[in-house]
Chemist: 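First the structure, which I've put down as structure tokens, then a few questions once you've had a look.
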Amino acid sequence: MKTLTIVLIVNHFVSDWILQPRQMAINKSKDFYWLLAHLGIISLSLFLALVFITPTPFSILGLIFVNTITHGLIDWNIWRIYARFRKGVTHDYWFYFTIAI
């Protein structure tokens, strides 16, 4: 279980920070094409990581499915949620928030 958690965290870092181009990071909440491309990268990198530590193919596919759906829902809605909270903000924190992605 500890190994799986480490693989998921490392995969998330690699997929969201190293393998994701800036244009994809900006557009994945606005354009479904970019979201699907991003989810493809996440799924493929997670598959390659899990092949070495998971004994059965069904557990690999199930974990990838749950991870991809969850990640997709979060990425598709994150900027919409941020925009709702931003309406009451007087100082522009947008610059600092985009540096983090």
Chemist: Distance check, rounded to the nearest 0.5 Å: N27 atom CG versus Q23 atom CD?
Modeler: 5.5 Å
Chemist: When the ring planes of W76 and F32 are compared, do they come out parallel, tilted or perpendicular, using 30° and 60° as the limits?
Modeler: perpendicular
Chemist: Under a 3.5 Å distance rule, please check whether S45 uses its side chain to pair with a backbone N or O of I42 as donor and acceptor.
Modeler: yes
Chemist: Would you say the side chains of N67 and H12 form a donor-acceptor pair under 3.5 Å?
Modeler: no
Chemist: Hey, is the main chain of L73 close enough, under 3.5 Å, to the side chain of N77 for a donor-acceptor pair?
Modeler: yes
Chemist: Quick one: CD1 on I60 to CG on L48, what's the gap to the nearest 0.5 Å?
Modeler: 10.0 Å
Chemist: Assigning hydrophobic clusters by single linkage (Ile, Leu, Val, Met, Phe, Trp, Tyr; side-chain heavy-atom cutoff under 4.5 Å), is L8 placed with I74?
Modeler: no
Chemist: Under a 4.5 Å cut-off applied to non-hydrogen side-chain atoms, are K30 and L35 in contact?
Modeler: no
Chemist: Using side chain to side chain contact (heavy atoms under 4.5 Å, CB included) as the criterion, point out the one residue from T3, I9, V10 that pairs with I6.
Modeler: V10
Chemist: Okay, side chain of T68, backbone of S43: is any donor-acceptor separation there less than 3.5 Å?
Modeler: no
Chemist: Between atom CZ of F47 and atom CG of L63, what is the distance when rounded to the nearest 0.5 Å?
Modeler: 12.5 Å
Chemist: If only atom types and distance count, is the side chain of N11 paired as donor or acceptor with the main-chain N or O of L46 below 3.5 Å?
Modeler: yes
Chemist: For the hydrophobic clusters of this structure (ILVMFWY residues joined by side-chain heavy atoms under 4.5 Å, transitively), does one cluster hold both L44 and L50?
Modeler: yes
Chemist: According to a hydrophobic-cluster definition based on side-chain heavy atoms being under 4.5 Å apart (Ile, Leu, Val, Met, Phe, Trp, Tyr only), do V51 and L61 belong together?
Modeler: no
Chemist: Could you pull out the closest heavy-atom pair between S15 and I41, with the gap in Å?
Modeler: OG-O, 4.3 Å
Chemist: If you round to the nearest 0.5 Å, how far is NE2 of H38 from CG of L19?
Modeler: 10.0 Å
Chemist: Using every non-hydrogen atom in the two residues, find where K28 and Q20 come nearest and quote the distance to one decimal.
Modeler: NZ-OE1, 2.9 Å
Chemist: If you apply the rule side chain to side chain contact (heavy atoms under 4.5 Å, CB included), what do you find for L39 with I69, and how did you get there?
Modeler: CA-CA 9 Å; L39 294 177; I69 296 299; over 6 Å; no
Chemist: Any chain of hydrophobic side-chain contacts (each under 4.5 Å) joining F65 to V7?
Modeler: no
